[in-house]
Enquirer: 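This structure is in structure tokens; I'll ask about it shortly.
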There are 2 protein chains.
Amino acid sequence: MRSENKPSGQKNRKGRSFIEQARRAQIIDAAIATIADVGFANASLARIAERAGISKGVISYHFAGKDELVQKVVDQIYTDVADSVVAEITEWTEAPTATAVLRTHILTVAAYMRDHREHLKALSEIFTGFRDPDGRSRYGVQSSDPIYDSLEAVYRTGQERGEFRPFDTRVMAVSQQAAIDHMFAYWENHPEHDLDAYARELADLFEHATRAIPPGS
Amino acid sequence: MRSENKPSGQKNRKGRSFIEQARRAQIIDAAIATIADVGFANASLARIAERAGISKGVISYHFAGKDELVQKVVDQIYTDVADSVVAEITEWTEAPTATAVLRTHILTVAAYMRDHREHLKALSEIFTGFRDPDGRSRYGVQSSDPIYDSLEAVYRTGQERGEFRPFDTRVMAVSQQAAIDHMFAYWENHPEHDLDAYARELADLFEHATRAIPPGS
DNA sequence: CTAAATTCTGGCCATGCGGTCAGAAAATAA
DNA sequence: TTATTTTCTGACCGCATGGCCAGAATTTAG
């Protein structure tokens, strides 16, 4: 079962075979570990296969190519993060303020990365190192557009409620996402830094940046 | 004159020969144009030489290697930017507020890039694509540390004067630099966006994020 | 048990890179 | 002009990669 049949749909008549699922999961795990360990640039198919204890050709057999494998790695981590954030939010019983939503967004993602450093490392390696054949980054700024949209929706809610001052929501979204990304990048270079404290400070920063100007000002 | 003698000092007894200076400048210019045009990944020595109308070996003759060439490209653009910022600041006649310094920093750099798009493109290509043999980024987060230090000095001044609220200066510095970087990245992907307007909005953002809380709040 | 399909192996290949080199060409010195 | 130094050319090398494939091994079907 080569994986070229997937483009015609999620799965053919039957799902992937047992061994196929197991192998794919194993290879994805090995890819995450390898990328986090030696960096994306050195994570050749040969190295990933070596870590998985299989032959290089097996990866080509189960995945259309390195591109699909890396894509699946990102998908898996994203799903993991989203689950974590959703779990946090569903504990809320009443409608939160826009400020609380933004704060929780920052703190929850930071908490996840604090507990999944390998995932963070793999993700950042892929984001900075994964290129298409022309050398363009596969996860450049444009790939953040959906995130920007989500953030902007929250901003507009806050502005309509009078929680937030008027500001350009796109600039705020790009800046906030950039600040979060660099928080992680900074943490990778300064592992001794308290990530949770950083995240709280960052939440404060954007609370001040967004909130409505008090009348007596 | 191979360039390996440079490590022993800036110049030997005499400076570089006439033709040497001209060639180096020409090659650096060709490198900037090539990197901005085809991206760092596709800017091979062969391509750069082709654009300069010379043979590939000439680059190896005048530069120790690709590393030195790229380094010189970055140096030249940095010098250019710094000159531009300094020219702006020396027009001031009186001591500025910390708020004004930060705003000018953002607006001036943005103005420079608005007028030197090719330089911006080359810089961002190098920052994201230039790796050492192990695949680690040569201009990663750690290379921003000097910038962080400068920003933090301004923050502390503002805090001591009561202009700014108390906050973690390192977090603020990382976030501001991240926001500026992504402003340019966003602009590269959305050239129709008014960069000056974006920069003003960003200055507002950090003005609100840093300023002291008004008493009646 | 035999046949067929699936899964795996390990070597091979084309590609493009940065760097090197012997010798040609050009500039400079004598 | 001739000798010497500087500068340039274009071919060549080693290297690592992702992908490919013929055939072996294994599992499943009949």
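By convention in this document, chain letters (A, B, ...) are assigned in the order of the sequence lines, proteins followed by strands, and residues within each chain are numbered from 1.
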Enquirer: Atom CG of B/Asp134 to atom C1' of D/dA16: distance rounded to whole Å?
Expert: 14 Å
Enquirer: So which protein N/O to nucleotides 9-12 of chain C N/O distances come out below 3.5 Å?
Expert:
| residue | atom | partner | partner atom | Å |
| --- | --- | --- | --- | --- |
| C/dT9 | OP2 | A/Ser55 | N | 2.8 |
| C/dG10 | N7 | A/Ser55 | OG | 3.1 |

Enquirer: B/His193 vs B/Tyr186 aromatic rings, parallel, tilted or perpendicular, using cut-offs 30° and 60°?
Expert: perpendicular
Enquirer: Which whole-number value in Å describes the distance from A/Gln26 CD to C/dC8 C1'?
Expert: 12 Å
Enquirer: Could you list the residues that satisfy side-chain contact (heavy atoms from CB on, under 4.5 Å) with A/Asp80, not counting sequence neighbours?
Expert: A/Tyr112, A/His116, A/His119
Enquirer: Quick test of your reading: applying salt bridge (charged side-chain N to carboxylate O under 4.0 Å, His left out), list the pairs with at least one residue in residues 122-144 of chain B, sequence neighbours left out, ordered by first then second residue.
Expert: B/Asp67-B/Arg138, B/Lys121-B/Glu125, B/Asp132-B/Arg136, B/Asp134-B/Arg136
Enquirer: Identify, with sequence neighbours excluded, every residue that meets side-chain contact (heavy atoms from CB on, under 4.5 Å) alongside B/Leu120.
Expert: B/Met113, B/Phe184, B/Trp187, B/Glu188
Enquirer: Let me know the distance between CZ of A/Phe130 and P of D/dG18, rounded to the nearest Å.
Expert: 11 Å
Enquirer: Taking side-chain contact (heavy atoms from CB on, under 4.5 Å) as the test, write out the residues that go with B/Ala122, two or more places apart.
Expert: B/Ile32, B/Ile35, B/Ala36, B/Ile77
Enquirer: Tell me, which pairs form a salt bridge (charged side-chain N to carboxylate O under 4.0 Å, His left out) where one or both residues lie in residues 168-182 of chain A, sequence neighbours left out?
Expert: A/Asp145-A/Arg170, A/Asp149-A/Arg170, A/Glu152-A/Arg170
Enquirer: Expressed in angstrom and rounded to an integer, what is the separation of B/Asp67 atom CG from C/dC17 atom P?
Expert: 16 Å
Enquirer: Could you list the residues that satisfy ring pair (Phe, Tyr, Trp, His ring centres under 6.0 Å) with A/Phe40, not counting sequence neighbours?
Expert: A/Phe130
Enquirer: When the distance from CZ of B/Arg24 to P of D/dC8 is rounded to whole Å, what number comes out?
Expert: 13 Å
Enquirer: B/Ile59 has an atom CD1; how far is it from atom P of C/dT20, in whole Å?
Expert: 14 Å
Enquirer: How long is the line joining CD of B/Glu68 and P of C/dG19, in whole Å?
Expert: 11 Å
Enquirer: Can you sort out which residues in residues 40-51 of chain B have a heavy atom within less than 4.0 Å of DNA chain C? Ascending by number, please.
Expert: B/Ser44, B/Leu45
Enquirer: Which residues pass the side-chain contact (heavy atoms from CB on, under 4.5 Å) test with B/Tyr78, not counting sequence neighbours?
Expert: B/Val74, B/Leu123, B/Phe127
